[in-house]
Amino acid sequence: MKINEIQDLIKFVAKSGVSEVELQNKDFKIVIKTNNGKAVAQQVVMQAAPPVTQVIQAPPVTQQAVAEQKTPEKKSTTPPVADESKYITIKSPMIGTFYRSPGPDKPLFVNVGDEIKAGKTICIIEAMKLFNEIESEVSGRIVKILVDDASPVEYDQPLFLVEPN
Amino acid sequence: MALKTLFTGQNLLWMDEVDSTNSVLMGLAKNEKLAHGSVVCSYNQTAGRGQRGNSWQSEPNKNITASVYYQLGALPVANAFVLNKIVSLAVADTLKTIMPNQSVKIKWPNDIFVDNKKIAGILIENTLKQDAIAYTIIGVGININQEKFDVPTAVSVKNILGIDYDLNSALNIFLENLEALYLQLRSAKTGELNKGYFASLYKLSELQKFQQADNTFEATIEGVNEHGKLILKKKNGTAETYNFKEIKWIHEN
């Protein structure tokens, strides 16, 4: 049984209000007990010797079940997610065409790695023959540019990731 | 003839020669506190800019090129098209004053046409702060006394009237018209602005051929909606709206 299936099962049991659920097929047996408002799953893999036990706990109200895995071979295969929470996303204030320079033969307003100050022009968005210079509201370092030059952008579409300083 | 405005052009930077009046004014706006309505003007612009990558060419001392700085006090981006309306109307009204017997039209969104030829160009460059337009640089080039053009689609006042027209007078008329329309914008008289814009709209209610991606189609120009999109009524009776970049006009001459 996959880890996310177990998590879904825990959430389901926690929501259902029953105190104990036991599931079994030829490969494994899983027992989910709820106590003090928390669902606890015990999965016993039948074919493995010695039996491996997984204990997963998740509070019923949150969507993220925290897996405490005791089996080294079942380690999560997803790579650690880069901490992007510290970055600020600059979004498009309008629908239009995104330009990274004042003109086709002109230098780019900003590049990845550039340190920018609040008030610095970072791009132009053109709509209906009106050319709109967009200024950064934050100071920091440009980490990523999320849209290609001269491509259409929607309202609220992320344009830049900035690491503020 | 004295300029009769409250603020537009009262701070006027006259330049004997300039690369681009918009570029000069933009530089000033970024680096110093500029008076509302400041104008940079020249009759000899050597590297005029048009739409992205396009140039605006003008023989020295034949035409007017001017740029106007207006603070907009956080004009919502959703209302930005009103700038196309006031500037197009200001240029069209100026040409109607100079040539009362001509039909001067605004080709959506902001080209000025007489006799199916382009007589003026507009380049509007806004600066946004906190998702609203803080100020705008309004650049216009109006063909007055130039007689020969590199492109067959251009025309001047002199081509039409056959006589020279005073450049200073033309400039003053334009600045006075622009200020009057700007004040209409500020007083939220958008009904009047819309009426004026529609009344001058090129090919209004006429059948016109357009290209969209690989398809060509004919449609009747019904008007422009509040976001500035062109409203086209197709032959099957359905009306659709289009952004500037979505369609191309096909002219058959």
Side-chain angles (χ1 to χ4, degrees), chain A residues 88-110 114-140 142 145-162 164, chain B residues 20 22-23 26-27 29-31 47 49-55 72 74-88 106-111 121-139 224-230 241-246:
Chain A
I88 289 172
T89 307
I90 299 177
K91 294 177 177 173
S92 177
M94 57 195 294
I95 297 171
T97 307
F98 172 84
Y99 291 112
R100 288 187 57 196
S101 67
D105 49 354
K106 300 278 170 33
L108 301 173
F109 290 117
V110 288
D114 285 359
E115 294 286 341
I116 57 162
K117 288 209 169 104
K120 156 88 180 158
T121 300
I122 48 173
C123 65
I124 285 174
I125 296 175
E126 180 201 349
M128 295 291 187
K129 288 179 89 176
L130 299 168
F131 292 83
N132 301 284
E133 288 202 357
I134 313 297
E135 296 185 347
S136 176
E137 284 167 37
V138 292
S139 298
I142 302 279
I145 298 166
L146 304 160
V147 179
D148 289 336
D149 187 45
S151 48
V153 290
E154 295 295 326
Y155 173 75
D156 241 12
Q157 183 174 340
L159 305 175
F160 298 91
L161 277 188
V162 178
Chain B
S20 149
N22 261 39
S23 297
M26 184 71 89
K30 280 194 195 307
N31 295 314
R49 293 185 288 123
Q51 292 295 297
R52 207 174 167 79
N54 293 349
S55 62
L72 295 177
L75 179 75
V77 172
N79 301 348
F81 195 83
V82 74
L83 295 171
N84 273 333
K85 287 181 183 164
I86 66 164
V87 181
S88 302
I106 300 166
K107 185 183 168 198
W108 173 83
N110 67 11
D111 278 327
I122 292 169
L123 177 63
I124 300 172
E125 297 183 291
N126 302 321
T127 295
L128 273 68
K129 290 184 194 291
Q130 275 138 25
D131 295 355
I133 303 172
Y135 61 86
T136 182
I137 307 279
I138 294 163
V224 174
N225 76 7
E226 74 269 28
H227 304 297
K229 287 183 162 189
L230 190 67
T241 62
Y242 294 88
N243 266 313
F244 175 60
K245 295 218 161 166
E246 283 179 308

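So you know, we letter chains A, B, ... as the sequences are listed, proteins then strands, and number each from 1. We use all heavy atoms of the structure for the numbers below, so side chains are in, but hydrogens, waters and symmetry mates are not.
- Proximity to chain B (any heavy atom under 4.5 Å) is shown, for P152(A), by neither the backbone nor the side chain.
- In this structure, the portions of K229(B) lying under 4.5 Å from any heavy atom of chain A include both its backbone and its side chain.
- Residue contact with chain A, scored on non-hydrogen atoms closer than 4.5 Å, is absent for I122(B).
- The side-chain tip of R52(B) points at the ring of Y99(A) from less than 6.0 angstrom away and within 45° of straight on.
- Of all the heavy atoms in L130(A) and A80(B), the pair that sits closest is CD1-O, 3.4 Å.
- Salt-bridge annotation for D111(B) and K129(A): present, with a side-chain N of the basic residue lying under 4.0 Å from a carboxylate O of the acidic one.
- Annotation: side chain of L123(B) is in contact with side chain of F131(A) (closest heavy-atom distance under 4.5 Å).
- For K129(B) and E133(A), the salt-bridge test fails: no basic side-chain N is under 4.0 Å from an acidic carboxylate O.
- With chain B as partner, the option from G119(A), S101(A), A127(A) having the largest number of non-hydrogen pairs under 4.5 angstrom is S101(A).
- When heavy atoms are compared at a cutoff of 4.5 Å, T121(A) approaches chain B solely by way of its side chain, counted from C-beta outward.
- One distance of note links CG of N132(A) with CG of N126(B); it measures 4.5 Å at 0.5 Å rounding.
- For the pair Q130(B) and E137(A), the tightest heavy-atom approach, listed with the atom from each and the gap, is CA-OE2, 3.0 Å.
- Looking at I137(B), neither its backbone nor its side chain comes within 4.5 Å of chain A, counting heavy atoms on both sides.
- Heavy-atom pairs under 4.5 Å with chain A were tallied for L83(B), N110(B), T136(B); the largest tally goes to N110(B).
- For the atom pair CG (N243(B)) and CD1 (I95(A)), the distance works out to 7.0 Å, reported to the nearest 0.5 Å.
- Heavy atoms from other residues, nucleotides or ligands lying under 6.0 Å from NZ of K30(B) number more than 12.
- Interatomic distance, L230(B) CG to M128(A) CE, rounded to the nearest 0.5 Å: 8.0 Å.
- What you find for P93(A) and V77(B) is that their closest heavy atoms are O-CG1, 4.3 Å.
- Only the side chain of T97(A) comes within less than 4.5 Å of a heavy atom of chain B; its backbone N, CA, C and O stay farther away.
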